[in-house]
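A short worksheet on the structure shown next.
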Amino acid sequence: MSPVRFRSRQRRKESVVRMATELKHLPDAKSIRVNPSAEELQVLASRMPNARRSKFGNYNVQTQVLSRSKASTFIILDDPEASSQQAITREEGERIANLQDEYIAEQAMIVIDGYIGDDPDFRTPARLYVEESNANIAGMQQQLYFDVDDPDSFEPELTVIYTPNLAAEGYPNDRAIIVDLEQGITRVLNSDYFGESKKGGLRMWNKLVFDRGGLPLHAGCKVIPTDSGEKVGLIVGLSGTGKTTTTFTRQNGSSPVQDDFVAIMPGGKVYATEAGCFAKTYGLSEEDEPTIHGAVIRPEAYLENVSQDDEGNVDFFDESYTQNGRATFSFSTIDAFDATKLKSADFLLILNRNEGIIPGVAKLNAEQAAAYFMLGETQGTSAGGAEEAGKFLRVPGTNPFFPDDHDHQGNRFLELMGEHQLDVYIMNTGRVGGADSVEGSKKVKIKHSSAIVKGIAEGTIEWQVDPDFGYQVATNVPGIDAEDGDILRPRELYEALGRSEEYDRTVARLKEERVEFLKKFPALSEEIVNAAA
């Protein structure tokens, strides 16, 4: 369906399922379905012209927009010029709201209610209001919200109002994601990519967590049984860097808790956000990722932009349309850990998908941890949009959804580190020594990363201080053969390849660039900046 260039016209008087005036803060619509069942949403999704049923019995929707629209995302502020975020004035925000409200008046809409988080003392009531013609978005969001236990008393604190088929003329690609943190409302215009619904609520939730004294983390969470007890691990990383894979890969029968966002509070207490997973499917194999693979081929899962032929056969390795194929599924379909039983975090991994001199794993002290957290270094993927794919990125906290000045993230991270003992590591999920085309370079395989995570949880890795960067690198990781040891100590690989001078130049360049980058954040603690030198 092509986007509509809407102009105001008289509202038609037609019967409705429920009036929007009964639902606070929502614009009126021609008709509204309020919290339809999962089965009803699948029926509605099946009627979409861009939805096809796969051989698994679930629906695969091919969207026009293939990833998040960073360039089209704006926060409403009293003084847009004073912020480091892309921002617009309140007057412009009101104009967009009126445009969208007038359009909705003639549309059939769906309301989905639920909670971000499931802890009774920390959960946030949230609502999605979306066009019925894009029912897959409602179905996918329903799988990620935690259930409402008392619908009669439910009042959303955060709302996403979503019109995929309404153009926002004058904005990049005629598309707009307008975030009003003061009102707790995000308005999405002219994107049919589900990620704008998911991130719309979580972006606003980021602000709530920070205001409560904690830090929102763009992170997965898992619990690993060990001889010394269960270890809670957090996995921070940009989309597409292996965050979901690392979270779901099993060590000692570990259980995933959360895929994408958690809150860490003073004292290290961790809170989950979602009841399901929005997994990237490109390259998904049953052998390497059996838990995710098994979940996304169930009939109740939703697929988005996954390659499929006319017979319904799905190919997770075909990138002809996009590498950013996706799927949603409920954690109830897998063996997940009960998030309400989470304790404080034991360790945190900062993922860096790299192709240079970053070791397979490095252990950081508190100041280094805050510095590398703020650097958020990685190679971008299609999950962040075409403008990020393949490029070297620095995204503070690996969290592009933090809706405030980023120096606050680094300072809060160091503050929380001072209150709770948390072991922090960088973990490279890419390669060492160069791209695949570079002779002698080595891939950090899923089995290597899994051995590293297991060793961290069990405390079996042996360490030594790296003379170049001051962090600790591994001399031995159980499960990684000696022949692959140089992915743990990149200098040795470069020396063996006769590339020592290249290594030294890269060390000097990285240190200089990192300090220069961190100095761009005026409020950032000086000890964090110095830790990158």
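We use all heavy atoms of the structure for the numbers below, so side chains are in, but hydrogens, waters and symmetry mates are not.
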_Pair Asp407 + Lys520: basic N to acidic O under 4.0 Å_ = no
*Are any of the side-chain heavy atoms of Phe517 and Pro396 separated by less than 4.5 Å?*
yes
*Assess the side chains of Ser133 and Asn165: does a donor N or O sit below 3.5 Å from an acceptor N or O?*
yes
*With no hydrogens and no angle check, do the side chains of Tyr59 and Glu304 hold a donor and an acceptor under 3.5 Å apart?*
no
*side chain to side chain contact (heavy atoms under 4.5 Å, CB included) between Ile112 and Tyr145, worked out*: CA-CA 9 Å; Ile112 301 294; Tyr145 279 155; 3.7 Å; yes
*Between the side chain of Glu319 and the main-chain N/O of Gly325, is any donor-acceptor distance below 3.5 Å?*
no
_Just so I know, are the side chains of Leu342 and Cys221 near enough to count as touching, which here means a heavy-atom distance under 4.5 Å?_
yes
*asked:* Quiz question: by atom type and distance under 3.5 Å, do the side chains of Asn134 and Asp192 form a donor-acceptor pair?
replied: no
*Between Ser54 and Asn60: side-chain donor-acceptor atoms closer than 3.5 Å*: no
*asked:* Is a donor from one side chain sitting under 3.5 angstrom from an acceptor on the other, for Thr163 and Gln100?
replied: yes
*Check the pair Asp113, Asn35 against side chain to side chain donor-acceptor pair (under 3.5 Å), reporting the backbone distance first and the verdict last.*
CA-CA 7 Å; Asp113 290 331; Asn35 293 315; 3.3 Å; yes
*Inspect the surroundings of CG in Asn98 and state if more than 12 heavy atoms from other residues, nucleotides or ligands are less than 6.0 Å away.*
yes
*Please determine, by modelled atom types, if Gln143 and Thr328 share a side-chain donor-acceptor pair under 3.5 angstrom.*
yes
*Check whether any side-chain heavy atom of Leu158 lies under 4.5 Å from a side-chain heavy atom of Leu208, and answer yes or no.*
yes
*Any side-chain heavy atom of Ile264 sitting closer than 4.5 Å to one from Leu416?*
yes
*Exercise: do Thr273 and Gln258 side chains pair donor with acceptor under 3.5 Å*: yes
*Can you see which heavy atom on Ala168 is nearest to which on Ala176, and at what distance?*
CB-CB, 3.7 Å
*After noting the C-alpha distance and the side-chain angles of Arg127 and Glu157, does the key distance pass the salt bridge (charged side-chain N to carboxylate O under 4.0 Å, His left out) rule?*
CA-CA 8 Å; Arg127 170 172 287 164; Glu157 191 172 350; over 6 Å; no
*Side-chain donor-acceptor pair under 3.5 Å between Asp423 and Gln421, yes or no?*
yes
*May I ask you to test the Lys269-His420 pair for a side-chain heavy-atom distance under 4.5 Å?*
no
*Find the distance between CE (Met109) and CG (Leu26) and round it off to the nearest 0.5 Å.*
8.0 Å
*Can you see which heavy atom on Phe331 is nearest to which on Asp259, and at what distance?*
CZ-N, 4.0 Å
*Is a side-chain donor-acceptor pair under 3.5 Å present for Arg175 with Ser69?*
yes
*Is the Lys NZ or Arg CZ of Arg68 less than 6.0 Å from the centre of Phe401's six-membered ring, within 45° of the axis?*
no
_Steps toward salt bridge (charged side-chain N to carboxylate O under 4.0 Å, His left out) verdict (Arg394, Glu377)_ = CA-CA 5 Å; Arg394 288 190 172 102; Glu377 294 176 337; 2.9 Å; yes
*asked:* Within a 6.0 Å radius of atom NZ on Lys519, are there more than 12 heavy atoms belonging to other residues, nucleotides or ligands?
replied: no
*Can you find a side-chain donor-acceptor pair between Asn206 and Asn399 that sits under 3.5 Å?*
yes
*Kindly assign one of parallel, tilted or perpendicular to the pair Phe402 and His406, based on the angle between their ring planes and the thresholds 30° and 60°.*
tilted
_Within 6.0 angstrom of Glu516 CD, more than 12 heavy atoms from elsewhere_ = no
*asked:* Quick one: does any side-chain atom of Asp28 pair with a main-chain N or O of Ala105 as donor and acceptor, under 3.5 Å?
replied: no
*Between Ile528 and Asn411, is any pair of side-chain heavy atoms under 4.5 Å apart?*
yes
_Phe194 side chain near Thr63 side chain, heavy-atom distance below 4.5 Å_ = no
*So, is the end of the Arg123 side chain (NZ or CZ) under 6.0 Å from the ring centre of Phe146 and within 45° of the ring's axis?*
no
*Testing Lys199, Arg326, Lys280, Arg203 for salt bridge (Lys or Arg N to Asp or Glu O under 4.0 Å) with Asp260, which one passes?*
Lys199
*asked:* Pair Leu202, Glu274 - check side chain to side chain contact (heavy atoms under 4.5 Å, CB included), show working.
replied: CA-CA 10 Å; Leu202 289 172; Glu274 295 180 306; 3.7 Å; yes
_Flag side-chain contact, heavy atom, 4.5 Å: Tyr115 against Phe154_ = yes
*Quick one: do the Asn324 and Tyr193 side chains pair a donor with an acceptor below 3.5 Å?*
yes
*Donor + acceptor pair across side chains of Ser84, Asp405 (<3.5 Å)*: yes
